[in-house]
Trainee: 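I have a structure I would like to understand better, so I am pasting it below and will then ask my questions one at a time.
Throughout, a chain's letter reflects where its sequence line sits, starting with A, and its residues are numbered from 1.
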There are 2 protein chains.
Amino acid sequence: MKWTELQTEACPVARGLSVVGDRWTMLVVRECFFGIRRFDQMQERLGITRHVLADRLRKLEADGVLRREAYQQRPLRHEYRLTDKGKALYPLLVTLIDWANTHVPAEGGSSVTLMSRETDEPIQPVLVDARTGSQITHRTVRARTREA
Amino acid sequence: MKWTELQTEACPVARGLSVVGDRWTMLVVRECFFGIRRFDQMQERLGITRHVLADRLRKLEADGVLRREAYQQRPLRHEYRLTDKGKALYPLLVTLIDWANTHVPAEGGSSVTLMSRETDEPIQPVLVDARTGSQITHRTVRARTREA
DNA sequence: TAGGTAAGTTCCCTTTCGGAACCCTTATGG
DNA sequence: CCATAAGGGTTCCGAAAGGGAACTTACCTA
């Protein structure tokens with residue numbers, strides 16, 4: 001199976017990864033959540049080659065995760081902003097940060113900590129069911145495969 | 001920056017992606033959560049080349065996400081199982097499934113639905129703070145960057 | 001007019017990937 | 001005792017993607 005064929009897969013994991021499963025894509029999304037909007041800033045902060053960054057931004061725009069907007073005329077310049085679909089990736093980003101902070105230790109500790117804006121205390125993310133409030137684990141939930 | 005240098009990055013997003021940011025890795029992890037443990041089964045179900053699958057399994061084992069265990073002698077055969085670190089990826093997988101089900105529609109609907117084992121009803125995953133129970137969004141949480 | 005800024009594009013070379021064939025160990029059947 | 005099959009890989013090739021660095025285009029400023 002080729003990578004580009006994943007998009008039309010029935011499995012949502014494959015479909016999701018066809019958008020954000022690339023090596024660089026979630027790092028670009030991270031930068032957007034941090035408020036970085038310009039090409040050169042991203043390129044410098046990420047250490048990605050300009051070539052690949054241009055390609056990722058194009059794909060993210062085509063997939064509706066980012067929106068390209070002119071922020072000045074003469075010379076015409078664009079910046080990149082998260083769409084609603086892109087903003088909906090926040091839980092995924094937070095979950096990834098939490099997993100890495102717990103299970104992939106860095107020398108000298110993590111450089112990013114998640115803080116509540118309200119209480120200014122560190123938060124502890126947990127995935128729960130909106131209906132019942134009970135925690136979601138592989139023991140309490142099963143993934144039902146629809147036999148088409 | 002090269003991909004292999006991400007592992008030692010300070011940013012947890014980069015560290016996390018150094019483990020699961022590959023095109024195929026989360027699909028392999030998905031198979032493990034579905035109970036698939038054998039090389040040939042994975043290869044057939046995923047449509048990945050044997051070459052790349054062998055490489056990913058090696059890396060996942062080296063990263064402590066999977067454990068390689070003999071399930072028979074003569075001839076010696078191994079299977080792959082999730083470690084605790086691997087099982088801790090469940091919320092990431094669920095969050096990805098939920099995002100894709102909502103934002104990356106498939107023709108004919110999603111093939112995978114998340115169901116509660118207890119009530120047998122579909123679940124709606126939400127990420128909340130364990131302490132306060134309030135929902136985590138990019139409005140309520142900020143990522144504090146530690147200036148080393 | 002020289003230099004600077006922002007957002008890309010082009011070129012070259014290396015690494016990775018997809019596809020298919022091959023290998024090794026042991027069990028099974030004729 | 002030779003052929004075939006199962007399971008878990010490895011090897012080889014050509015194609016695609018990625019890293020690095022230089023170049024381009026359009027404007028602005030000194």
Trainee: Within the pair A:Tyr80 and C:dG8, is there a side-chain N or O less than 4.0 Å away from OP1 or OP2?
Mentor: yes
Trainee: With heavy atoms under 4.0 Å as the rule, sort A:His51 into base, sugar-phosphate or nothing.
Mentor: base
Trainee: Residues two or more places apart in sequence or in another chain: which of them pass salt bridge (charged side-chain N to carboxylate O under 4.0 Å, His left out) with B:Arg50?
Mentor: B:Asp40
Trainee: Name the residue closer to the 5' end of DNA chain C, choosing between A:Arg38 and B:Asp55 according to the nucleotide with the nearest heavy atom.
Mentor: A:Arg38
Trainee: Is B:Asp129 reaching over with its side chain to a backbone N or O of B:Ser134, donor-acceptor style, under 3.5 angstrom?
Mentor: no
Trainee: Just N and O in the side chain of B:Arg23: are any of them under 4.0 Å from OP1 or OP2 of C:dT16?
Mentor: no
Trainee: Restricting to nitrogen or oxygen on both sides, can you table the protein-nucleotides 22-27 of chain C pairs closer than 3.5 Å?
Mentor:
| unit_1 | atom_1 | unit_2 | atom_2 | d |
| --- | --- | --- | --- | --- |
| C:dT26 | O3' | B:Arg74 | O | 3.4 |

Trainee: Do B:Tyr80 and B:Arg37 have side-chain N/O donor and acceptor atoms under 3.5 Å apart?
Mentor: no
Trainee: Could you check whether B:Arg38 makes a cation-pi contact with B:Tyr71, meaning its NZ or CZ is under 6.0 Å from the centre of the six-membered ring and within 45° of the ring axis?
Mentor: yes
Trainee: What integer distance in Å separates B:Glu61:CD from D:dG8:C1'?
Mentor: 14 Å
Trainee: Any donor-acceptor pair under 3.5 Å linking the side chain of B:Lys85 with the backbone of B:Asp63?
Mentor: yes
Trainee: Distance-only, no hydrogens or angles: does the A:Arg144 side chain make a donor-acceptor pair with backbone N or O of B:Met115 under 3.5 Å?
Mentor: no
